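All of these numbers come straight from a predicted model, not from anything done at the bench. What's counted below: heavy atoms across the whole structure, side chains too, no hydrogens, waters or symmetry copies. Here is how names work: the chains are called A, B, and so on, in the same order as the sequence lines, proteins then strands, and each is numbered from 1.
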There are 2 protein chains.
Amino acid sequence: MSTIVKSKPSLREVEEVVRESIAGRRLVVIVGECRVDYEGRAASRLELGERVVLIKQDGAVLVHGPTGYSPINWQPSTSAIEVFYREDSGLVIHAVRDKPREYLTITFTRVEAVVAGKLVDPGGFTMYVDESEMRDVLVANPSLIEEGFRVLEVEKPVGDGYVDIYGVDRESRPVLVELKRVTATREAALQLYRYVEAYAREKGVRPRGILLAPAFSPSAIETLLRMGLEYRYVDLKKMGELVKKHKAWKRQSLLDYTKGERHGGAADKA
Amino acid sequence: MSTIVKSKPSLREVEEVVRESIAGRRLVVIVGECRVDYEGRAASRLELGERVVLIKQDGAVLVHGPTGYSPINWQPSTSAIEVFYREDSGLVIHAVRDKPREYLTITFTRVEAVVAGKLVDPGGFTMYVDESEMRDVLVANPSLIEEGFRVLEVEKPVGDGYVDIYGVDRESRPVLVELKRVTATREAALQLYRYVEAYAREKGVRPRGILLAPAFSPSAIETLLRMGLEYRYVDLKKMGELVKKHKAWKRQSLLDYTKGERHGGAADKA
DNA sequence: CTATGCATGTCGATA
DNA sequence: TATCGACGTGCATAG
């Protein structure tokens with residue numbers, strides 16, 4: 001990572017750094033005064049002010065103000081970025097995206113600092129509890145859903161969509177289980193309701209419907225009760241523990257499966 | 001804006017810059033090698049790699065990788081940020097957020113560049129067409145919905161939610177109008193359906209339901225037709241023009257209203 | 001302060 | 001390639 005760092009560079013200098021960095025697929029950070037125009041799905045204008053602009057190695061562009069999580073303006077991943085300096089207007093960075101067609105124009109009048117470098121990030125990212133993991137754990141431990149519950153199908157197509165878990169209770173009645181990793185909203189309840197209705201239409205039997213989540217909004221509970229559906233709380237912390245075990249198990253079984261096959265990741269295709 | 005820019009600083013130097021910048025409510029950009037741990041609603045671990053970290057003036061923290069729009073890890077706005085350097089582990093930045101309780105720990109092992117400065121951004125930001133503006137324009141120009149349409153209520157409570165526009169058609173039949181500024185999905189169609197059903201239950205009369213959007217997904221159209229609902233296309237460009245006029249009018253009437261009162265914004269409360 | 005719905009949402013999986 | 005649903009969604013607003 002050979003980094004370029006310039007303090008109070010001229011706009012010409014920045015132009016060169018940005019141009020070369022885009023060509024060399026390096027990341028650029030510019031801190032300075034600019035205005036921004038956006039036109040695409042919506043349209044916006046941002047007047048002159050001091051901001052941080054990131055141009056990423058895949059062409060994503062972010063304009064960040066002094067506060068807040070979200071960028072003020074951005075371009076997720078761009079087909080083409082143009083850079084040019086004009087005596088009258090300043091340093092112009094033009095990012096164009098296809099599908100949807102969107103234009104982002106950043107005009108710098110002053111730059112305080114510019115940093116450019118090729119970032120190498122092989123870092124493995126692990127998210128400990130996501131919905132698919134929750135589902136895997138529940139499938140492996142169906143008693144967490146209900147004593148005597150038996151899983152028949154995962155991601156079962158029902159009507160327009162897919163219900164997370166399909167199975168039968170101890171009395172062999174069909175059950176549709178919908179999962180939410182976060183607070184369940186009315187939307188989740190209605191989604192489950194649609195599955196239950198669709199299943200009833202298709203099979204001629206009304207199944208039980210259970211919504212599993214760590215928390216429920218009042219409107220969700222109200223809707224569930226009104227629709228004749230059930231809900232259960234899941235403990236994410238406990239899930240987390242089980243996920244860890246489950247993962248260890250999965251890794252082990254994968255190792256067994258690939259035993260003797262060649263290991264090693266794909267080469268870096270830059 | 002007196003900016004600090006350091007190339008390949010020692011971790012001790014970075015510690016000092018970050019500590020002082022947080023105290024002085026300045027923004028910091030750090031480019032270097034780090035690992036990141038997050039625990040809160042979920043939990044994640046990001047192994048060693050090169051990234052850009054922004055610490056914003058309100059305590060928001062963003063960890064950006066070399067590509068993509070979204071930060072890998074973040075903290076939207078933090079109650080407390082701690083910084084400390086340890087010979088063994090490296091430079092640790094610890095950001096804690098209340099409600100929900102979440103912890104973000106960034107550990108730098110090497111820093112390529114650090115930039116810090118107080119960003120001044122008075123820049124007015126104008127978004128030309130958002131949904132509320134769309135609604136205002138349609139209320140002011142009901143014939144855009146349908147010839148002879150009369151608006152009776154905006155954001156009318158119906159069932160669980162609020163329908164954007166409620167009115168009557170030329171034959172005095174009740175009409176529920178739902179707006180989407182972007183492509184309408186099946187979700188939007190189902191939302192309108194819920195309103196229509198709720199209205200029918202409450203009033204004993206089934207109203208017409210119209211979904212207005214610049215575009216419709218096939219499944220949205222399929223659902224609308226199946227549910228006996230209608231849809232119309234709106235032209236965002238035209239909307240934009242009308243919004244401009246409408247805004248001018250609103251500003252004018254606001255000026256009339258506040259005539260003689262004192263102008264000027266609030267003082268910067270840093 | 002909580003609940004609800006929008007967003008230039010973005011992103012990933014899937015048909 | 002288009003569509004669909006999840007997201008540590010974030011965020012503003014209404015009650």
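- If you measure from atom CD1 of A/I221 to atom P of C/dT2, you get 16 Å, rounded to the nearest angstrom.
- In this model, the phosphate group of C/dA7 is not approached by any side-chain N or O of B/K180 to a distance below 4.0 Å at OP1 or OP2.
- Among D/dC11, D/dA6, C/dT10, the nucleotide with an atom closest to any side-chain atom of A/Q191 is D/dA6.
- Within the nucleic acid shown, B/R135 has no heavy atom closer than 4.0 Å to any nucleic acid atom.
- The distance from atom CH2 of B/W74 to atom P of D/dC11 is 11 Å, rounded to the nearest whole Å.
- Contact annotation for A/I72: base contact, defined as any heavy-atom pair under 4.0 Å involving a base atom.
- Between A/Y162 and A/E155, the shortest heavy-atom distance links the atoms CD2-O, 3.2 Å.
- OP1 or OP2 of C/dC11 lies within a sub-4.0 Å distance of a side-chain N or O belonging to B/S70.
- Residue B/S217 places at least one side-chain N or O under 4.0 Å from the OP1 or OP2 atom of D/dC4.
- Dashed line: the shortest gap from a side-chain N or O of A/R101 to OP1 or OP2 of C/dT8 is not under 4.0 Å.
- Salt-bridge check for B/R45 with B/E47: passed, with a basic side-chain N closer than 4.0 Å to an acidic carboxylate O.
- With distances taken from any side-chain atom of B/V182 to the nucleotides C/dT4, C/dG9, D/dG8, the minimum falls on C/dG9.
- For A/E187 against D/dG5, a side-chain-to-base donor-acceptor contact under 3.5 Å is absent.
- B/V139 and B/P142 get closest at one heavy-atom pair: O-CD, 3.4 Å.
- Considering every non-hydrogen atom in both B/I106 and B/F108, the closest pair reads CG2-CE1, 3.8 Å.
- Minimum atom distance to the side chain of B/R181 is reached by C/dA7, of the listed D/dG8, C/dC1, C/dA7.
- Not one side-chain nitrogen or oxygen of A/T185 sits closer than 4.0 Å to the OP1 or OP2 atom of C/dA3.
- No contact: B/P100 has no heavy atom under 4.0 Å from any strand.
- Distance, B/F216 CZ to D/dC4 C1': 18 Å, rounded to whole Å.
- With DNA chain C read from its 5' end, the first of the two nearest nucleotides for A/A43 and A/A220 is the one closest to A/A220.
- The pair B/E50-A/R26 fails the salt-bridge criterion, with no side-chain N (NZ, NE, NH1 or NH2) lying under 4.0 Å from an Asp/Glu carboxylate O.
- If you find the closest nucleotide of DNA chain D to B/L104 and to A/R194, the one lying nearer the 5' end belongs to A/R194.
- When all heavy atoms of B/N73 and B/S44 are compared, the closest pair comes out as ND2-OG, 3.3 Å.
- Nearest-nucleotide assignment on DNA chain C puts the 5′-proximal partner with A/Y38, out of A/Y162 and A/Y38.
- Distance B/Y69 OH to D/dC7 P: 18 Å, rounded to the nearest Å.
- If you measure from atom CZ of A/F125 to atom C1' of D/dC7, you get 12 Å, rounded to the nearest angstrom.
- Atom NZ of B/K156 and atom P of D/dG15 are 13 Å apart (whole Å).
- Within the 4.0 Å cut-off from OP1 or OP2 of C/dT8, not a single side-chain nitrogen or oxygen of A/R97 is found.
- A distance of about 13 Å separates the C1' atoms of C/dG9 and C/dG5, rounded to the whole Å.
- Taken to the nearest 0.5 Å, the CG atom of B/L46 stands 6.5 Å off from the CZ atom of A/F125.
- In this structure, A/R41 reaches the C/dG9 phosphate: one of its side-chain N or O atoms is under 4.0 Å from OP1 or OP2.
- The side chain of A/E178 lies closest to D/dA6, out of D/dA6, C/dC6, C/dG5.
- Looking at heavy-atom distances under 4.0 Å, B/E222 makes no contact with the nucleic acid at all.
- Across the protein-nucleic acid pair, B/D164 atom CG and C/dC6 atom P stand 7 Å apart, rounded to whole Å.
- Within 4.0 Å (heavy atoms only), B/E102 reaches at least one base atom of the nucleic acid.
- One can place CG of A/L192 at 12 Å from P of D/dA6, the figure rounded to the nearest angstrom.
- An OP1 or OP2 oxygen of C/dT2 is reached within less than 4.0 angstrom by a side-chain nitrogen or oxygen of B/K99.
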